[in-house]
2 protein chains.
Amino acid sequence: MKQMIAISEDELNDFLSQSVSKTFKRNETISQPNVVPNEIFFIIKGLIRVMITDNEGNEHTVHFALENQFISDYSNFMQKQPSFYTLQALEETQVVVLPRSAIEWGYKNLQEGEKMGRLIAEYYFIYQDNRIKNTFSRTPKQRYDTITDVFPNIHNRAPQHMIASYLGITPVHLSRLKKSSR
Amino acid sequence: MKQMIAISEDELNDFLSQSVSKTFKRNETISQPNVVPNEIFFIIKGLIRVMITDNEGNEHTVHFALENQFISDYSNFMQKQPSFYTLQALEETQVVVLPRSAIEWGYKNLQEGEKMGRLIAEYYFIYQDNRIKNTFSRTPKQRYDTITDVFPNIHNRAPQHMIASYLGITPVHLSRLKKSSR
DNA sequence: TGAAAGTCTAAACAAATGTTATCGTACAGT
DNA sequence: ACTGTACGATAACATTTGTTTAGACTTTCA
């Protein structure tokens, strides 16, 4: 937060006193679909994946979130609509839980609260924009080759079938791509 | 703006006095790649497409923007980086041009300027999030069938090959999909 | 108003990607 | 340490999607 906005120690303490720390076990579900998300998480340590389950029951990995990142179904958090996403810890993961009440308190009461909200939304917009640029102007192979730019060390932390899902291809096909580039 | 934030007539006038109206002809280029975008456009009338040209020279349509919408390479506008995108008017299009100076003036001087910035960023984030949800959990056919939810009447306003490009498929394949659903 | 350019469909073929099944290995939980 | 489960590679085959080309039709604009 100090990197984003000018904030006094008092403000920071008031804000953080409304949050709570929480630890999830490996493979534990953090947030369920069909429920209005009322929290934003900040990852202290660990790895979270965001996925969507389609009508046929297939899981699609939409995002990985690493240390020092905010994560939530931000879209439906803002819209106060039931989530489509599942958030799942891929490792033992420690987070700071920011409830909606704290966020809204921040917008109102922090000197630069609205600015922080704007910067966070802008940050995620840029991420999403890059995602779309990549998806539509590059091949799966090219996307695979640069995934560590966005998620360093992901190959050692997430199973390959989830990476394939993130890239929008099947695990079998990813295995082929890897082979052909050797 | 009045729909987003509380703003007085004086504030609104001060803000809008820093903008200018402009009209582009059909097929005219509005914004070039490799240039830092320093404007946000608000569409009064017309239709704009946003596209990216890849290394092989292929054009990929990433977005259509309709009346009453803001449009720009918002990502690179914020980052003050040279754009990857081309903005092109598909019809004779009238816009309000908001230069960077006006936007930044708004953040600083409008009572709820930062809030407006947050809401705009959030709005686009939600749009992008839906785009990603759609892309990764639905087939091209399913995406085609619902494109008018996002871009009403687009079939009468944009050529089919641009719609195909937006969907991430070739025009030939789109033609096939249409045939098979008859 | 006529030529040129753009647009959509269609067919045949090619390439990319998905599906299913099998196997060996690694790993997690008891 | 044992055992069931998850994981990744691979092969054979199926399906989807892309490529190229051609033709008919429409739109643009000089």
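Numbered from 1 within each chain, the chains take letters A, B, ... in sequence-line order. Computed over heavy atoms, backbone and side chain alike; hydrogens, waters and symmetry mates excluded.
Across the protein-nucleic acid pair, B/L167 atom CG and D/dT16 atom C1' stand 15 Å apart, rounded to whole Å. In this structure, A/N58 places its CG atom 12 Å from C1' of C/dG18, rounding to the nearest Å. Atoms CD1 (B/I163) and C1' (C/dC8) sit 12 Å apart, rounded to a whole Å. Rounded to an integer number of Å, the gap from NZ of A/K141 to P of C/dA15 is 19 Å. Whole-Å rounding puts the B/E59 CD to C/dT7 C1' distance at 15 Å. When the C1' atom of D/dT5 is taken as reference, atom NE2 of A/H161 falls 12 Å away, rounded to whole Å. The CD-C1' distance, from B/E56 to D/dG18, rounds to 14 Å in whole Å. A straight line from CZ of B/R143 to C1' of D/dT16 spans 13 Å, rounded to a whole angstrom.
Counting only heavy atoms from C-beta on, A/S175 has its side chain closest to D/dT10 among D/dT20, D/dG18, D/dT10. Of the listed nucleotides (D/dT17, D/dG8, D/dA11), D/dT17 has the atom at the smallest distance from the side chain of B/H173. Comparing C/dG18, C/dC8, D/dA11 by their closest approach to the side chain of A/V172 singles out D/dA11.
Looking at heavy-atom distances under 4.0 Å, A/P171 makes no contact with the nucleic acid at all.
Between A/F70 and A/F41, the distance from one ring center to the other does not fall under 6.0 angstrom. Between B/F125 and A/F125, the ring center distance fails the sub-6.0 Å criterion.
Note on ring orientation: taking the six-membered ring where Trp is involved, the planes of A/Y74 and A/Y124 are tilted (angle from 30° to 60°). Classification of the A/Y144-A/H155 ring pair by plane angle, with boundaries at 30° and 60°, yields tilted.
OP1 or OP2 of C/dT9 sits under 4.0 Å from a side-chain N or O of B/K178. Close to C/dA11, at under 4.0 Å from its OP1 or OP2, lies a side-chain N or O of B/K179. The side chain of A/Q160 contributes no N or O atom lying less than 4.0 Å from OP1 or OP2 of D/dA6. The phosphate of C/dA11 has neither OP1 nor OP2 within less than 4.0 Å of any side-chain N or O from B/R176.
The nearest pair of heavy atoms linking A/I7 to A/M1 is CD1-CE, 3.8 Å.
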